[in-house]
Structures are given as structure tokens and as C-alpha cells.
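Take a look at the structure set out below.
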Amino acid sequence: MTAGSSSAPGQSPAPAPARTPKGMHDVLWPESARWEAVVARFADLVGSAGYGLTVTPILEHAGVFLRGIGEGSEVVGKEMYVFEDRDGQLMALRPEGTAPIARAFVQHHPVPPWKAWYVAPSFRHENPQQGRYRQHHQLGVEALGPSDADLDVEVVSLAHDFFAGLGLREVTLKLHSMGDGVCKPGYVALLGAFLAERADQLCPAHRARHLENPLRVLDCKTSECRAATADAPRFLDHLCDACAAHFARVRSGLDALGVVYTIDHRLVRGFDYYTRTTFEFSSDALGSAQNGIGGGGRYDGMVELLGGPPTPGIGFGLGIERILLACDAEGAFPVDPTPLDAFVVDTTGGTAARDLTAALRDAGFSADRAFDDRSMKAQFKAADRSGARWVLVVGPDEAASGTVSLRPLRDAGDQRTVPVADVVAAVRAATRPGAFPDAP
RNA sequence: GUGGGCGUAGCUCAGUUGGUUAGAGCGCCAGGUUGUGGUCCUGGAGGUCGGGGGUUCGAGACCCCUCGCUCACCCCA
């Protein structure tokens, strides 16, 4: 790599490398164009459903996550970036998007229903692999206030519609319910008792730890745990009446909107805060084990945990990196870089390039130019690379006669020369579909 | 946190049982083209062979350590 930095002999052993931290990546042009497009699509979709952009700090007091999500969760307990700042306060880099939105709700007490969307980086200190990074980016929505099952339907179908809009076809939606304060404890106890009876049949990891969080055993992928829990009691059979009615309404709503899903009795999401509806989107096009491209659910107790009034809420987070991987795998959502309208080639070393690009941009065209007074050939190569549709040439002849030559780079057509005063009008005519300057 | 694979030009990669000045394609720069890119031809620049230590007369190749990338477990977007 580019070592570059010179360290005095006997000084610090390893010069600071000019590279991103492990598991973190730069997104450079033109790849970043797909990011822009994905985010723009999302903003448009959820914006039209009444959600407003909400920007929260990357850093929160660690307590927001410790209390909101729970120290028991893997992400908060083992993977969160936590540190003491210069004031001695315990801070954390956001590991997920929901808790900060709930915190903002508590802090600003907006009038419910409060519908927020966000695009934000998330940080988790884990070992990177395909589709898993220490910094990744999530698109999400959170809706706080209503406990109405129709809101669950809206939120789930928004994510569904978003994936469909990108052209992703191999997306699976799994749906489940985690109950509420009334029925969850009873079910967890029931499941715990069931597991205790056959603890010796569980995989080694859960043989010792199944009592800590019985729900997690359902999610275990080992054949031992799968077999041992094959006829474990199902949460959906033990929901209280209110939760059962809620879930039934969610299902009928999704059915009515044509959103296809499968019930997954093992769907146990990683954060402690979930209640009632939970869901997960995965891409069957991704060969990797990291095929989850989005997930979410209801969290009716979190706002209260953070010190706010009892307020139901539901939302989801979608991973941009994984969505892009899924798009690659399916050949979906191709994004072409937006071409420039014009590129100015000026070999006179004068002010033509400066003035022409400024005039074009003022007139609403996209325009670029070469710098450092390079050769005609070099400037044309730069123009070609830029993808510009037209080149405006100013050489000694044009400079002497007060004209500019227009040459099409991407379409057929001949080069024309026009007076400087007419350049903007000529470009305007030329960039009209199928048009050519001075065409009869 | 654990385990496997891999680190040679900007990119993708060759590099024979360790043996002189480390190669190719693409990209970049210049010229062929006395003004004009995308094709073609010629030439050029660009590498402390990830870093450190060791073995050897001699290491890009072998050994150790380290850093990083990658895949997987765990967990998750």
C-alpha cells in the first residue's frame, strides 16, 4: 500500500496507514450513484406515506441503548462501540436506528402519531464478512403513537413495496408475533420448561445457556436445536386475546394488500424490545449466510423504558449494503451515472473555458472542463471519460473569430461552429431530444 | 471472540525445485495525427513484492511474528 508517511528512526513502530478502519469502507463515485438512487427512492416512497426525515446524532449517551434495547442483547452487550468522552460521559456509537428515534420522541414530545424516516450509519464491533460490516447504513421508518394493527400493515407493506420498486423479486417476508407484557412472560416460562426437559438434546452452546433466553434457542440453526424444538410450544398458540386479535388483523390487512408472507414460528429478533408484530425480509438471491436485508417490529414498551409516556411504536431498518448486494445478485436496479450536458475544451489558455462553463451552468446545464492547459487530444479524452453529450471547442481559430465549435460525442452528427453569444441557445437546442443545432 | 484462505504496479493477476536489472493485460501519460475523443500502432511513467524478524552465498518464493483483506461460526442490516 501507499506507505508514504516518513517516521523518524526509532520512533513510533507502525506509521498510521492511510486506510479505513477494519470493516469500514469508502463509497466512491460511481458506485455512490447507486446509493443516492436507493436513498432517493426510499425518501420518495415513505415521504408520500407521511413520514418525515429525522436526523439524530451518530453518538448517544450509552444509556439510550442500554436501557432502550437492553444489555442482554448481543448487539448492545458485546458489539457496541462504547467510550468515555472528555467530560467523562459514557457515549456510544449508534448500533441501530430505533432507539435514537424513540429517544427523540421522549425529548421533543411531538404530537402522535409521529412518523419518522431516517438514513443513517450504524456501528457494530464484530468481525466483518460478506454483507457484514462494522459500519453499515440503514434506511428505516418509525411510527410512534398508534397501536392500530393497520399501522403494522402500513409499515410492513412500505418495506415490501420498496423492495419491489427496486426490482427485487427474490425477497421473502417472514412474519411472527412476540406477544406483549400480558402473554410474553407466560410463553417464555412455558418454552423454558419445555427446553429444560430436553436440555441434553440441545447444541452444546445452548445446553448451558438455554435458561438465559429460551426464545433464542428457537432461532438456533444447529440440527440438534432444530430437532429438539421441532414440536416446542408455539407463541402464536399462546398469545393473549388482544395480541391474537391484533395479529389476525395484521394478517388480513397484508392479505388484502397482496403482500405475500410466511409465518415463521422461529422468528425471534435480536433486540429485547420487540412486542407483538415482528418481521424480517431476506434475499434468496444472496448465497451468503447474511441474507437478511431488513427487519423490524413493534416495540410498545420502549418509549416508556426511555422515560417517556407509555407509547406504542413500530418500525423497520433496511441495510443499504445488503440491498445493493441483492440487487447485484439479481441484476436489479441498474443505475447509470448522469451524463454531463457539455464539456468545454479550450486550448487557448485563455478564459473561454472558465466563462463558458459558468454560462452553461447558469443556464441550468451540467458542464465540466479540463484544467492545467492540456493538449487538445488530452482534453478530448477527458471529455469522453466524463460522458458528456457535447463538447464545446475553443481553439485559436474560434478565439480569433469569437466562435465556439460544438461537437456531439455520443450521438451521430457533424460539428458546428456558432458565435459565442449563441452558445447557450445552441446547447439548449442540441440537448433537446433528437435535435441538432442549426438543423433546418 | 474463534477458525480457514489470501496479501506482487491504480485494477485483475503471472512469477517454474529459492538464483542476475520482478512481468502481462487493462488503466494512466506522451507521440503517430501541424487543432478533435471513443478504434489502431509505438513509446513511457508507475512496485520498499503488506510490515518486521529469521534461515541462506542468495528470499517475491521457506520459517516465525504482526497488520490487513476475505470466507465461515456467533450474531445481525
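We name chains A, B, ... by the order of the sequence lines, and we start the count at 1 in each one.
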Next on the checklist: Regarding Gly140(A), tell me which of base, sugar-phosphate or nothing describes its non-hydrogen contacts under 4.0 Å with the strands shown.
Outcome noted: nothing

Next on the checklist: If I pick the C1' atom on rU36(B) and the same atom on rG43(B), what distance separates them, to the nearest angstrom?
Outcome noted: 22 Å

Checklist entry - Is the number of heavy atoms from other residues, nucleotides or ligands within 6.0 Å of NE2 (His265(A)) greater than 12? => result yes

Next on the checklist: Tell me whether the side-chain N/O atoms of Arg269(A) come closer than 4.0 Å to OP1 or OP2 in rC75(B).
Outcome noted: no

Next on the checklist: Any side-chain to backbone donor/acceptor pair from Gln379(A) onto Met376(A)? Under 3.5 Å, distance only.
Outcome noted: no

Item to check | Donor-acceptor pair, side chain of Arg361(A) and main chain of Ala367(A), under 3.5 angstrom | outcome: yes

Item to check | Plane angle bin for Phe162(A) and Phe42(A) - parallel if under 30°, tilted between 30 and 60°, otherwise perpendicular | outcome: perpendicular

Checklist entry - What nucleic acid atoms does Val394(A) come within less than 4.0 Å of, heavy atoms only: base, sugar-phosphate, or nothing? => result base

Item to check | Aromatic-base stack, His137(A) on rA77(B), cutoff 5.5 Å, angle under 30 | outcome: no

Next on the checklist: By nearest atom, which of the nucleotides rU70(B), rC76(B), rC73(B) is closest to the Arg322(A) side chain?
Outcome noted: rC76(B)

Checklist entry - Is any N or O donor-acceptor pair between the side chain of Arg407(A) and the base of rG37(B) shorter than 3.5 Å? => result yes

Next on the checklist: Can you confirm whether the side chains of Asp152(A) and Thr277(A) place a donor and an acceptor under 3.5 Å from each other?
Outcome noted: yes

Item to check | Gln290(A) side chain near rC76(B) phosphate (N/O to OP1/OP2, under 4.0 Å) | outcome: no

Checklist entry - So which heavy atom on Cys327(A) is nearest to which on Arg34(A), and how close? => result CB-NH2, 3.4 Å

Next on the checklist: Would the base of rA77(B) count as contacting Glu126(A) through its side chain, where contact means a donor and an acceptor less than 3.5 Å apart?
Outcome noted: yes

Checklist entry - Among the nucleotides rA72(B), rU36(B), rU70(B), which one has an atom lying closest to any side-chain atom of Gln415(A)? => result rU36(B)

Checklist entry - Do Gln129(A) side-chain and rC74(B) base share a donor-acceptor contact under 3.5 Å? => result yes

Next on the checklist: Is there, by distance only and without an angle test, a donor paired with an acceptor across the side chain of Arg124(A) and the base of rA77(B) below 3.5 Å?
Outcome noted: yes

Item to check | C1' spacing across the pair rG47(B) / rU8(B), given as an integer number of angstrom | outcome: 8 Å

Next on the checklist: Whether the side chain of Arg19(A) and the base of rC67(B) hold a donor-acceptor pair under 3.5 Å is what I'd like checked.
Outcome noted: no

Checklist entry - When you look at Ile314(A) and Glu154(A), which way does the side-chain contact (heavy atoms from CB on, under 4.5 Å) test go after all the steps? => result CA-CA 10 Å; Ile314(A) 180 169; Glu154(A) 171 177 296; over 6 Å; no

Checklist outcome for this item: Here the distance between atom C1' of rA77(B) and atom CZ of Arg94(A), to the nearest Å, is 13 Å

Checklist entry - What about Glu79(A): does its side chain form a donor-acceptor pair under 3.5 Å with the base of rG1(B)? => result no

Checklist entry - Which is true for Lys78(A) with a 4.0 Å heavy-atom rule: it touches a base, it touches only sugar-phosphate, or it touches nothing? => result nothing

Next on the checklist: Tell me which residues in residues 169-179 of chain A lie within less than 4.0 Å of RNA chain B, going by non-hydrogen atoms.
Outcome noted: none

Next on the checklist: Under a 3.5 Å distance rule, please check whether His176(A) uses its side chain to pair with a backbone N or O of Leu267(A) as donor and acceptor.
Outcome noted: yes

Next on the checklist: So that I can tick it off, tell me whether Arg269(A) and Glu280(A) are bridged by a salt bridge, with the cut-off set at under 4.0 angstrom between side-chain N and carboxylate O.
Outcome noted: yes

Next on the checklist: Between Glu74(A) and Arg216(A), is there a side-chain heavy-atom distance shorter than 4.5 Å?
Outcome noted: yes

Next on the checklist: Quick check on contacts: within residues 369-384 of chain A, what sits under 4.0 Å from RNA chain B by heavy-atom distance?
Outcome noted: Arg374(A), Met376(A), Lys377(A), Ala378(A), Phe380(A), Lys381(A), Asp384(A)

Next on the checklist: In whole Å, I'd like the distance from the CG atom of Asn127(A) to the P atom of rC71(B).
Outcome noted: 12 Å

